[in-house]
Amino acid sequence: MTSDPTAADSVTDRPDSADSDTAGSGRFDAFKERWRAFREGIAHRPTLNLGYRIAVGVVGGLVLIIGIVTIPYPGPGWALVFAGFGILATEFVWAHHALTWVRGKYRIVMDWYTSRGWFIKILGAVGTFALVMVTLWLLGTFSMVAGWIGVDWSWLHSPLMS
């Protein structure tokens, strides 16, 4: 590098130039730098830093809890678990270690599940279907829909929604 300030601003020295390995990586690098500077600014103010860490903990914890609750259901359960740990890992070392551990266990279980035959896969699908049906029944969904069409069968009524 030269000491000339105009040479440092040349197109070939910028990370977002056309010579970069991937399109858009320069913008991501610039975002990371701005975020790092923002976070360092917060870190130098103890009260603001505590508030930021609490906010990250609350948001990450909520996403994690929602993910754990939705794991057995079709949808983004595991993605939310990983997202929750990812949010928490931005501020807490224990969450980074937990994310690494959970991700490793998830891969082991999914490798085991995908290596099994059709019987285990069908059993998993039937179990998921049964769990969803029981949940819908407990939440009163079946009796609500039956009421729309004029059906009043007692077994459709949830014991929780009496």
Side-chain angles (χ1 to χ4, degrees), residues 8 13-145 157-162:
D13 289 342
R14 285 190 218 146
D16 59 344
S17 68
D19 294 337
S20 65
D21 293 344
T22 59
S25 69
R27 279 187 252 151
F28 183 68
D29 291 341
F31 172 77
K32 283 187 351 185
E33 285 302 316
R34 283 194 305 270
W35 183 259
R36 190 173 291 125
F38 169 76
R39 188 59 192 100
E40 286 174 6
I42 290 175
H44 291 301
R45 299 181 179 130
T47 305
L48 189 57
N49 188 42
L50 177 64
Y52 179 80
R53 288 175 61 92
I54 289 171
V56 168
V58 168
V59 170
L62 285 174
V63 172
L64 179 62
I65 289 169
I66 291 169
I68 290 170
V69 168
T70 59
I71 284 173
Y73 301 102
W78 279 109
L80 289 174
V81 168
F82 294 137
F85 273 127
I87 292 167
L88 291 169
T90 63
E91 288 300 313
F92 306 105
V93 174
W94 64 265
H96 179 74
H97 294 299
L99 174 61
T100 304
W101 184 82
V102 169
R103 193 181 302 151
K105 296 300 179 189
Y106 175 80
R107 286 184 182 137
I108 290 169
V109 170
M110 292 315 298
D111 288 344
W112 175 86
Y113 181 74
T114 56
S115 69
R116 299 299 161 219
W118 285 103
F119 179 74
I120 295 295
K121 291 178 184 175
I122 291 172
L123 190 62
V126 168
T128 300
F129 178 76
L131 180 68
V132 169
M133 291 296 114
V134 168
T135 302
L136 291 174
W137 175 65
L138 287 173
L139 293 176
T141 306
F142 294 140
S143 62
M144 180 181 68
V145 172
H157 297 285
S158 167
L160 301 179
M161 304 293 176
S162 299

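Note that the structure is predicted; figures quoted are calculated from it, not measured. Just so it is clear, the values below take in all heavy atoms, side chains as well, and ignore hydrogens, waters and symmetry mates.
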Requested in this report: Apply side chain to side chain contact (heavy atoms under 4.5 Å, CB included) to V102 and H97, showing your working.
Outcome: CA-CA 9 Å; V102 169; H97 294 299; over 6 Å; no
Query raised in the report: Between atom CH2 of W78 and atom CE of M110, what is the distance when rounded to the nearest 0.5 Å?
Result: 9.5 Å
Query raised in the report: Who pairs with T128 by side chain to side chain donor-acceptor pair (under 3.5 Å), at least two apart in sequence or on another chain?
Result: none
Report summary line: From the list F85, F82, W112, ring pair (Phe, Tyr, Trp, His ring centres under 6.0 Å) with Y106 holds only for F82
**Report entry** Heavy-atom pair with the smallest gap, counting every atom of E91 and R53
**Finding:** O-NH1, 2.9 Å
Requested in this report: Count the heavy atoms belonging to other residues, nucleotides or ligands that lie under 6.0 Å from NE2 of H157, then report whether that count exceeds 12.
Outcome: yes
Compile the donor-acceptor pairs under 3.5 Å between side chains in residues 56-70 and protein atoms, sequence neighbours left out, one pair per line.
from: T70; atom 1: OG1; to: I66; atom 2: O; distance (Å): 2.9
from: T70; atom 1: OG1; to: G67; atom 2: O; distance (Å): 3.2

Query raised in the report: How far does CG of L123 sit from CZ of F119, to the nearest 0.5 angstrom?
Result: 5.0 Å
Query - Atom pair CG/CD1 of N49 and I54 - distance to nearest 0.5 Å - result: 10.0 Å
Requested in this report: Of all the heavy-atom pairs spanning F142 and M133, show the shortest one and how long it is.
Outcome: CE1-O, 3.5 Å
Query raised in the report: When you check the gap from the basic side-chain N to the acidic O, do R45 and E40 get nearer than 4.0 Å?
Result: no
Report task. Using the six-membered ring of W35, assess whether NZ or CZ of K32 lies under 6.0 Å from its centre and within 45 degrees of the ring axis. Result -> no
Query raised in the report: What is the minimum heavy-atom distance between Y113 and G124, and which atoms define it?
Result: OH-CA, 4.1 Å
Query raised in the report: Under the side chain to side chain contact (heavy atoms under 4.5 Å, CB included) criterion, do H96 and T100 qualify, and how do the steps go?
Result: CA-CA 6 Å; H96 179 74; T100 304; 4.1 Å; yes
Report summary line: Output for pair (L136 CG, S158 OG), nearest 0.5 Å, gives 10.5 Å
Query raised in the report: CG of L80 to CD1 of I87: how many Å apart, nearest 0.5 Å?
Result: 9.0 Å
Query raised in the report: Which pair of non-hydrogen atoms, one from A89 and one from A95, has the smallest distance, and what is that distance?
Result: N-CB, 3.6 Å
